[in-house]
Amino acid sequence: MSLIRFLNDHISSDNTVDEIIDIFEEMCKTPMEEDLLLLEYGVYNFTGEELFYFDLVRQYPDGDGEYYQLRVSLAFAPDNENANLNGTFWSDDTEENFFDSIRRTAGYEYTKINQIESIDIRMDQT
């Protein structure tokens, strides 16, 4: 089963943020020769509308000097609480479990108690 299909088959709007992180972590157990994990969060205007994004990314080489980025992007309505929340955290920034580190970020704390507006699962290429 492809990685993106695994995510699409297991993640839905019924999932909590914790469940989505657990599913992403399970997907990351599929071995790859070389990959990095990334958490990005903040308010961005990717779609013509400002939203707070909480993105889980698995990045790996495409074989041509660039990278694939398998992304689970959770969007939340912007508000005063998330207006100044932003962060970028790579898996090679820590020696501990990456997903434990995610759960200690301010972005994660915000997502736990707020309503997910939308979920986008996609593959990008750098």
Side-chain angles (χ1 to χ4, degrees):
M1 176 183 298
S2 76
L3 299 179
I4 198 164
R5 184 179 330 153
F6 175 83
L7 294 173
N8 279 312
D9 287 350
H10 290 87
I11 294 175
S12 76
S13 60
D14 295 330
N15 292 116
T16 66
V17 170
D18 279 318
E19 291 168 336
I20 292 169
I21 291 171
D22 289 344
I23 293 164
F24 194 86
E25 183 175 14
E26 184 66 28
M27 180 273 303
C28 288
K29 291 178 182 175
T30 300
M32 286 191 172
E33 189 172 318
E34 179 185 346
D35 69 346
L36 278 176
L37 305 178
L38 170 65
L39 169 68
E40 295 180 300
Y41 60 89
V43 176
Y44 302 102
N45 185 353
F46 294 135
T47 62
E49 172 186 12
E50 284 198 345
L51 295 168
F52 177 80
Y53 290 92
F54 186 84
D55 288 3
L56 300 165
V57 181
R58 186 174 188 187
Q59 177 176 287
Y60 53 95
D62 70 356
D64 292 324
E66 293 294 328
Y67 295 90
Y68 292 115
Q69 290 188 329
L70 180 54
R71 182 178 300 267
V72 175
S73 184
L74 310 179
F76 299 79
D79 60 29
N80 290 335
E81 191 178 348
N82 67 28
N84 296 313
L85 286 179
N86 60 62
T88 302
F89 184 73
W90 288 93
S91 56
D92 62 355
D93 289 339
T94 183
E95 293 184 20
E96 68 178 325
N97 180 285
F98 178 71
F99 297 96
D100 291 342
S101 297
I102 286 174
R103 289 182 174 95
R104 283 195 295 283
T105 66
Y108 168 74
E109 290 298 323
Y110 176 84
T111 64
K112 281 191 335 183
I113 57 174
N114 289 280
Q115 178 69 36
I116 299 171
E117 295 282 319
S118 66
I119 301 170
D120 182 29
I121 300 169
R122 68 185 184 280
M123 179 74 75
D124 295 327
Q125 193 167 11
T126 63

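This structure is a prediction, so every number in the text was calculated from the model and none was measured. The chain is numbered in sequence order, starting from 1.
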Item to complete: Without swapping roles, check the side chain of Asn15 against the backbone of Ser12 for a donor-acceptor pair under 3.5 Å.
Response: yes
Discussion item. Testing the basics here: between Leu51 and Ala75, what is the closest heavy-atom pair and its distance to 0.1 Å?
Written reply: CD1-CB, 4.1 Å
Worksheet item: What is the distance from atom NE2 of His10 to atom CE of Met27, rounded to the nearest 0.5 Å?
Response: 12.0 Å
Worksheet item: Going by an N to O cut-off under 4.0 Å, is there a salt bridge joining Arg58 and Asp124?
Response: no
Worksheet item: Can a salt bridge be assigned to the pair Asp120 and Arg71 using a cut-off of 4.0 Å between side-chain N and carboxylate O?
Response: no
Worksheet item: Sub-3.5 Å donor-acceptor pair from the side chain of Thr111 to the main-chain atoms of Tyr108, do we have one?
Response: yes
Fill in: Whether Asp79 side chain and Asn82 backbone form a donor-acceptor pair below 3.5 Å
yes
Response to the item:
Rounding to 0.5 Å, atoms OG1 (Thr105) and CG (Asn86) come to a distance of 11.5 Å
Practice prompt. State whether the number of non-hydrogen atoms from other residues, nucleotides or ligands found under 6.0 Å of Asn45 atom CG is greater than 12.
Written response: yes
Item to complete: Please tell me if the side chains of Val72 and Asp55 come closer than 4.5 Å, counting only heavy atoms from C-beta onward.
Response: no
Worksheet item: Can you find a pair of side-chain heavy atoms, one from Arg122 and one from Leu70, that are under 4.5 Å apart?
Response: no
Response to the item:
Heavy-atom nearest pair, Tyr53 first then Ser73, reads CD2-OG, 3.4 Å
Discussion item. Other residues, nucleotides and ligands only: do more than 12 of their heavy atoms fall within 6.0 Å of CD on Gln115?
Written reply: no
Worksheet item: From Ile121 CD1 over to Arg5 CZ, what is the distance, rounded to the nearest 0.5 angstrom?
Response: 13.5 Å
Practice prompt. For Asp93 and Phe89, indicate whether the former's side chain and the latter's backbone hold a donor-acceptor pair under 3.5 Å.
Written response: no
Fill in: Flag for Gln59-Asp35: side-chain donor and acceptor within less than 3.5 Å
no
